[in-house]
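Read through the structure below, which is laid out as structure tokens, and then see the notes.
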Amino acid sequence: AMDDSVHEPLDLVKLSLAERVYIKCRGERELKGRLHAYDQHLNMVLGDVEETLFEVDTDETGQQTRRAVATRQIEMLFIRGDSVIIVSPKLRKHLRR
């Protein structure tokens, strides 16, 4: 029986093993892929990855807009934990803006 309880932050990541996750990284990068492995530093291995790069534009009023400038598919990707800002588990649909 799998233990679905979350006692420590990394337990949430553990529940996402083999599931699709959304990861927001430094440098306006977002990743969606299947989580194959992780460690206590949040280094991760993702498979079937879609990487999206964003650009942030600021207009004269200081209003910021964020737009996707590039996407690519990557079969397997290693992500260093220190570049990770958000890990959202069990991604089933696109995030609402």
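In this chain, numbering begins with 1 at the start of the sequence shown. Bear in mind the structure is a predicted one, so any value in this text is a computation, not a measurement.
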Minimum heavy-atom separation for [X] and [Y], please, with both atom names.
X   : Y   : answer
V21 : S16 : CG1-CB, 3.6 Å
P89 : V87 : CD-O, 3.7 Å
L46 : H36 : C-CD2, 3.8 Å
D11 : H7  : OD2-N, 2.8 Å

* Using the salt bridge (charged side-chain N to carboxylate O under 4.0 Å, His left out) rule, take R29 and E51 through it: C-alpha gap first, then chi angles, then the decisive distance, then the call. => CA-CA 7 Å; R29 239 171 109 215; E51 177 190 51; 2.6 Å; yes
* Contacts of D57 that satisfy salt bridge (Lys or Arg N to Asp or Glu O under 4.0 Å) - sequence neighbours left out ->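 Partners of D57 under the salt bridge (Lys or Arg N to Asp or Glu O under 4.0 Å) test: R67.
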* What pairs meet the salt bridge (charged side-chain N to carboxylate O under 4.0 Å, His left out) rule with one or both residues in residues 77-89, with sequence neighbours excluded? ->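 Found R80-D82.
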Side-chain heavy atoms of [X] within contact of [Y], under 4.5 Å:
X   : Y   : answer
V49 : K32 : no
E30 : Y22 : yes
I79 : N43 : no
E50 : T52 : yes

* Asked: Out of curiosity, T71 OG1 to F54 CZ, how far, rounded to the nearest 0.5 Å?
  ->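 So the gap between those two atoms works out to 9.5 Å.
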* **Electrostatic pair E28:R66 at N-O distance under 4.0 angstrom** =>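 Salt bridge between E28 and R66, a charged N being under 4.0 Å from a carboxylate O: yes.
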